[in-house]
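Comments concern the structure below.
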Amino acid sequence: MADRFDLAVIGAGPGGYVAAIRAAQLGMKVVCVDRRSALGGTCLNVGCIPSKALLDSSELYAFAGSRIGEYGVKIDGITLDLKTMLGRKDHVVKGLTDGIAYLFKKNGITSLQGTAKLVGPGNLSVKKAQGSSEVVEAQSILLATGSEAADLPALPFDGSSIVSSTEALSFERVPTHLIVVGGGYIGLELGSVWARLGAKVTVVEFLPRILPFADAELATILHKSLAKQGLKFHLETKVTGGSQQGGQVIVNAQAKGEGVLFQGDKVLVAIGRRPVTSGLGLDEAGVAVDKKTGRVVVDANYQTSVPGIYAIGDLISGPMLAHKAQEEGSAVAEQLAGMKTQVNYAAIPSVVYTWPELASVGATEEQVRELGRAYRVGKFPFLANGRARCLGETEGLVKILADAKSDRLLGVHILGPRASELIAEAVLAMEFSASAEDLARTCHAHPTLSEAIHEAALAGDQRAIHL
Ligand code: FAD
């Protein structure tokens, strides 16, 4: 007879592994099943981590090859060692995925490799790679199966020339011409990587702008900056088909009623991600799925339409982000332990790791306007920030939106150097329902990039000092 667990988690991504660890910390007997051999899900294996490792490497290469001379450092004969760069990325991934295996062991979590399926109340069948199956019994089941790249029926993936982000993290050669379909963050980040390493990169986007969920003003500045770095953009252009000939992909598209052709040796289709539900046995178990989005429907406690079955992360509604999945993982474990934990969805940051980086929390200016809310804007450019000048990274600005009456923060948007780190202050401020005045009254170390946040808060009240 199989062991009976308090919690069985399907999926060891940031949602599932955090839920498993938190539940074990709270005294539950936990099993976590993943079909991958390495733990950490999309994020650690083929998402956040490998993409950032390549962004960091390619940034150094581009910097050393272009601007380092301005800093009084002369280097001759820069060459790209792509094999080492990819090897370093794989090493970073392995270190972190092994780290999760260590944490599972330390917390007494049973880790099973195999494909899990719901089979009757409180039961899962786990099919192993060798073909054998085992049944796992648990009081509660948590679905954390995440998401996968959405394909474009007009231009289906072939795994070598027309690829998803997964393959674009491991090209063995720098493409001559990479066509990126989709101007979202994944397309822009991976497009930046290969452009920095020498590829011609063309981004084809259906909408009239890149990054449709970002603050339009900052997205426009980032668009211009990426164009200056050599990325070519074709907006309002709809991909309609494609064909392959002699190692080249011909992409057919329509722009303003006219047919357009793009030709490249690699095409990255990055038009979004969809939840992984197939083969999970959701229908048979009676777990409701939103017909439009394909995402599993949950209540405020992450319980699905079936008592005892929960779901989190990319599989349910909300932004498909690792830290959102992690917060939900902790919350569901704590709720199962009787705690009243809730996730504050109004204070979830999002980051685009291009150069400059774009980081945001809360509402964009367009969203605030749509709500018909009276608001104040404070802006401060990195050009006027001492530390940004020392770093030689003066592109971008901080933009703070606050309620005109109460001064409460509504949204903070940062385009600039290390925006990914700077946004944490704004997230904390929003978590504590702070006002712009709270940021303005907070002493910031000098000289730091964070002073731009301080000054933007002052600027909202027409009292910026360095502007
Ligand atoms: P996942 O991480 O997708 O994990 C789900 C796991 O479930 C997988 O390991 C899968 O093998 C397993 N699984 C699925 N079905 C079964 C089954 N039936 N049986 C057993 N196992 C199963 N997010 C950020 O916040 N920051 C970033 O910088 C960022 N960069 C990204 C870059 C790229 C290129 C990509 C693709 C994604 C990026 N993301 C980023 C998104 C992030 O990876 C996801 O939001 C996050 O991984 C979702 O976590 P999850 O736990 O819901 O699911």
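Heads up: numbering here begins at 1 and tracks the sequence.
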Checklist entry - For Tyr353, which residues count as a ring-ring contact (aromatic ring centres under 6.0 Å, His included) partner, sequence neighbours excluded? => result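 ring-ring contact (aromatic ring centres under 6.0 Å, His included) check on Tyr353 returns nothing, list empty.
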
Checklist entry - Under the ring-ring contact (aromatic ring centres under 6.0 Å, His included) test, which residues partner Phe63, sequence neighbours left out? => result Tyr71

Inspect the surroundings of [atom1] in [X] and state if more than 12 heavy atoms from other residues, nucleotides or ligands are less than 6.0 Å away.
X      : atom1 : answer
Phe157 : CZ    : yes
Phe213 : CZ    : no
Lys128 : NZ    : yes
Glu421 : CD    : no
Lys29  : NZ    : yes
Arg408 : CZ    : no

Just to verify, what does [X] make a side chain to side chain contact (heavy atoms under 4.5 Å, CB included) with, not counting sequence neighbours?
X      : answer
Arg369 : Glu365, Tyr375
Ala216 : Arg209, Glu366
Ala101 : Leu39
Thr166 : Val46, Ser164

Are [X] and [Y] close enough that some pair of their side-chain heavy atoms sits under 4.5 Å apart?
X      : Y      : value
Leu397 : Leu218 : yes
Thr202 : Leu178 : no
Pro275 : Thr145 : no
Val298 : Leu315 : no
Leu118 : Leu143 : yes
Leu190 : Val180 : no
Leu415 : Lys399 : no
Lys379 : Glu455 : no

Between [X] and [Y], does any side-chain donor sit less than 3.5 Å from a side-chain acceptor?
X      : Y      : result
Ser225 : Gln229 : yes
Trp355 : Glu393 : yes
Arg274 : Ser147 : no
Arg35  : Gln113 : no

Next on the checklist: So, using side chain to side chain donor-acceptor pair (under 3.5 Å) as the criterion, who are the partners of Ser170 when residues are at least two apart?
Outcome noted: Lys89

Checklist entry - Could you walk me through whether Ile309 and Gln303 pass the side chain to side chain contact (heavy atoms under 4.5 Å, CB included) check? => result CA-CA 6 Å; Ile309 302 183; Gln303 185 160 260; over 6 Å; no

Next on the checklist: Go through it in stages, so that I can follow the logic: the residues are Asp314 and Arg295, the test is salt bridge (Lys or Arg N to Asp or Glu O under 4.0 Å), and I'd like the CA-CA distance, side-chain angles, deciding distance and then a yes or no.
Outcome noted: CA-CA 8 Å; Asp314 283 7; Arg295 290 167 120 178; 5.3 Å; no

Are any side-chain N or O atoms of [X] and backbone N or O atoms of [Y], one a donor and one an acceptor, separated by less than 3.5 Å?
X      : Y      : value
Glu137 : Phe5   : no
Thr354 : Glu357 : no
His323 : Pro349 : yes
His454 : Ala464 : no
Ser406 : Asp403 : no
Arg196 : Leu55  : yes
Asn385 : Arg387 : yes
Gln335 : Thr341 : yes
Asp290 : Gly294 : no
Asp438 : Ser435 : yes

Item to check | Worked check of side chain to side chain contact (heavy atoms under 4.5 Å, CB included) between Leu188 and Leu211 | outcome: CA-CA 9 Å; Leu188 297 182; Leu211 300 170; 3.7 Å; yes

If every non-hydrogen atom of [X] is compared with every non-hydrogen atom of [Y], which pair is closest and at what distance?
X      : Y      : value
Gly15  : Ala144 : C-CB, 4.5 Å
Gly191 : Val201 : O-CG2, 3.6 Å
Val296 : Ile316 : O-CG2, 3.5 Å
Val269 : Ala150 : CG1-O, 4.3 Å
Ile414 : Ala419 : O-CB, 3.5 Å
Leu268 : Gly187 : CD2-CA, 4.5 Å

Distance-only donor-acceptor pairs under 3.5 Å for side chains of residues 104-111, two or more places apart:
unit_1: Asn107; atom_1: ND2; unit_2: Leu103; atom_2: O; d: 2.8

Next on the checklist: The criterion is salt bridge (charged side-chain N to carboxylate O under 4.0 Å, His left out); which residues satisfy it with Glu189, sequence neighbours excluded?
Outcome noted: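 Result, salt bridge (charged side-chain N to carboxylate O under 4.0 Å, His left out) vs Glu189: Lys52.
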
Checklist entry - Can you name the salt bridge (charged side-chain N to carboxylate O under 4.0 Å, His left out) partners of Asp6, sequence neighbours left out? => result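 With sequence neighbours excluded, Asp6 shows a salt bridge (charged side-chain N to carboxylate O under 4.0 Å, His left out) to no residue whatsoever.
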
Checklist entry - Between Ser192 and Leu226, does a side chain to side chain contact (heavy atoms under 4.5 Å, CB included) hold up when you go through it step by step? => result CA-CA 8 Å; Ser192 294; Leu226 293 172; 3.8 Å; yes

Checklist entry - Just how far is it from atom CG of Leu358 to atom OG of Ser350, taken to the nearest 0.5 Å? => result 7.0 Å

Next on the checklist: Measuring from atom CD of Glu167 to atom OG of Ser160, what distance do you get when rounded to the nearest 0.5 angstrom?
Outcome noted: 9.0 Å

Between side-chain atoms of residues 422-429 and protein atoms elsewhere (two or more places apart, or another chain), which donor-acceptor pairs fall under 3.5 Å?
unit_1: Glu425; atom_1: OE1; unit_2: His444; atom_2: NE2; d: 3.2
unit_1: Glu425; atom_1: OE2; unit_2: His444; atom_2: NE2; d: 2.5

Item to check | Pairwise salt bridge (Lys or Arg N to Asp or Glu O under 4.0 Å) hits with a residue in residues 319-343, at least two apart | outcome: Arg22-Glu334, Lys324-Glu328

Item to check | Steps toward side chain to side chain contact (heavy atoms under 4.5 Å, CB included) verdict (Val239, Val204) | outcome: CA-CA 8 Å; Val239 170; Val204 183; 3.9 Å; yes

